[in-house]
Every structure is written in C-alpha cells, then in structure tokens.
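What follows is a set of notes on a single structure, which appears directly below.
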Amino acid sequence: MSDEEQLATDKSAAGGKVAYPGGFDDFFRAEYRKLAKALMVMEGASAADADDCVAHAMEKLFERWNLPVSDPGRVRHPRAYALKTARRWLKDERCRLRSVALDEDGATLPTDKSALTASEDRQFVASILACLPSAQRQVMYLITEGYTPAEIAEVLHKKANNVRQVVHLVKKRLRPLLEPPEMGPPEEEEER
C-alpha cells in the first residue's frame, strides 16, 4: 500500500479528515499539554516530571513519524504511542530514583496539583473518577480525553474489547451517581 493509499485509508477512518495535516508539528502542538496532563491525572506525576516524560516520548515518536507505511516500526496510533512511552519513561525514572539515595533531609519532589484545577468541570470529572478503582479510572480518563478503545488498549496493554467492557461497567456503576434522584408524587401532609 502506497503512502497516498494509506493517507486515504486514514482519512476514511477519521471521517474524511486528516488528523494532523501539518504532520508532527501539528501533533506536537495539539497533544503535548494533553499528554502531560494525562500523566499527572493517571500517574500522579508532578508537572515537571510529566513535562520531561512527554518530551522524551515526543522525541521517540518523531524518530518514527515519517517511516514508510510498510515499516513495522511505524506508529499506527501516535497519541497512544506517545502516552505509553511517556508512562514507561515515568515508571523507569521512579524506579531509578528509588534506587538512588535521596539527599540528607529525605525531601521528595512535591506533586503539582494546580494544573488539575483548571476548571470546575474538570474538578467534577476528577471527583467522579476518583471513586473508581485505578484501572477503571485510567480507562475513563482516556475516554474523556477522546482516545479510541484501540488507542487505550495499546496504552494500557489490554484488548480493545476489554476496554469497551470496562467502559460499559463503569457507566453502569456511575449512572446512579449522575442521574438525579427520582421524585415521587408530592406527599400530602397528614392533618392531625
């Protein structure tokens, strides 16, 4: 399949639109902050740590961006690849830091929560997601950020059908929390 045929296939899969018409530069501008925020929400990373990890992931993605369609190293889902790479880098860095002795006072890096309180809507979603187990929270966060089940499956090392099943179960679990309580007919006060 030629690159033009692949682009046509990608266009039809994306509803006729090229997701990043300016190539890697457009992807970088559109996704960098979202990926950093995903690391802060999903992994509890500080803003600085998230920034470092996303920068590393973007570097790795750029190396593979223009590979031919037939190349097995070509990235099929760039958002998923970048997030998966950033998460792996963060995990590796945390392991490395644990193995290195901290300075004398034992201080650790503070977690920057200010980026997570950008709007009331985000706070509401975060409070709802907080009541979920970690695996479900990660899936639902990625869903709210517009990731497809295939991308989420790649990021979290699951099957796409498992991701869909988690979404179904979470929706079922959260429905009572999000629906207003049913109001019965008003009760008349009893006369004494």
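Hydrogens, waters and symmetry mates play no part in the numbers below; they use all other heavy atoms, side chains included. Numbers for residues simply follow the sequence, beginning at 1.
The side chain to side chain donor-acceptor pair (under 3.5 Å) search around Asp51 returns Tyr32, not counting sequence neighbours. Shown here are the side chain to side chain donor-acceptor pair (under 3.5 Å) partners of Glu31, two or more places apart in sequence or in another chain: Tyr20. In this view, Glu93 and Arg96 satisfy the side chain to side chain donor-acceptor pair (under 3.5 Å) rule, not counting sequence neighbours. Every residue two or more places apart in sequence or in another chain that forms a side chain to side chain donor-acceptor pair (under 3.5 Å) with Arg29 is listed here: Asp26.
Considering all non-hydrogen atoms of both residues, Arg173 and Pro133 come closest at NH1-CD, 3.1 Å. Heavy atoms only, all atoms of each residue included: Ala36 and Ala50 are closest at O-CB, 3.5 Å. For the residue pair Ala82 and Leu61, the shortest heavy atom distance occurs at CB-CD2, 4.4 Å. Minimum interatomic distance between Leu83 and Ala38 (heavy atoms only, all atoms of both residues): CD1-CB, 4.0 Å.
Trp89 and Val54 are assigned to two separate hydrophobic clusters, defined by single-linkage of ILVMFWY side chains at heavy-atom distances under 4.5 Å. The hydrophobic cluster containing Leu35 also contains Phe62, counting ILVMFWY residues as joined when their side-chain heavy atoms lie under 4.5 angstrom apart, directly or transitively.
Atom CD of residue Glu63 and atom CE of residue Met58 lie 13.5 Å apart, to the nearest 0.5 angstrom. Asp52 CG to His56 NE2: the interatomic distance, rounded to the nearest 0.5 Å, is 11.0 Å. For the atom pair CG (Leu90) and CZ (Arg88), the distance works out to 12.0 Å, reported to the nearest 0.5 Å. Taken from NZ in Lys91 to SG in Cys53, the straight-line distance is 12.0 Å, to the nearest 0.5 Å.
Glu43 has a carboxylate O that lies under 4.0 Å from a charged side-chain N of Arg87, or vice versa, which qualifies the two as a salt bridge.
With a 4.5 Å cut-off on side-chain heavy atoms, Pro78 and Trp65 count as touching. Taking 4.5 Å as the limit, every side-chain heavy atom of Tyr141 sits out of range of all side-chain heavy atoms of Tyr147. Residues Asp49 and Arg94 fail the side-chain proximity criterion, which asks for heavy atoms closer than 4.5 Å. The side-chain heavy atoms of Ile143 and Ile152, taken from C-beta on, include a pair separated by under 4.5 Å.
Judged by distance alone, with hydrogens and angles left aside, the side-chain atoms of Glu151 form a donor-acceptor pair with the main-chain N or O of Thr148 at under 3.5 Å. Checking side-chain atoms of Arg64 against main-chain N and O of Arg74 turns up no donor-acceptor pair under 3.5 Å. Listed for the Arg79 side chain is a donor-acceptor partner under 3.5 Å among the backbone atoms of Gly146.
Heavy atoms from other residues, nucleotides or ligands lying under 6.0 Å from NZ of Lys60 number 12 at most.
Residue pairs meeting the ring pair (Phe, Tyr, Trp, His ring centres under 6.0 Å) criterion with at least one partner in residues 66-86, sequence neighbours excluded, do not occur; the list is empty.
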For residues 154-163, tabulate all N or O donor-acceptor pairs below 3.5 Å that involve a side-chain atom, not counting sequence neighbours.
| unit_1 | atom_1 | unit_2 | atom_2 | d |
| --- | --- | --- | --- | --- |
| Asn161 | OD1 | Arg164 | NH1 | 3.0 |

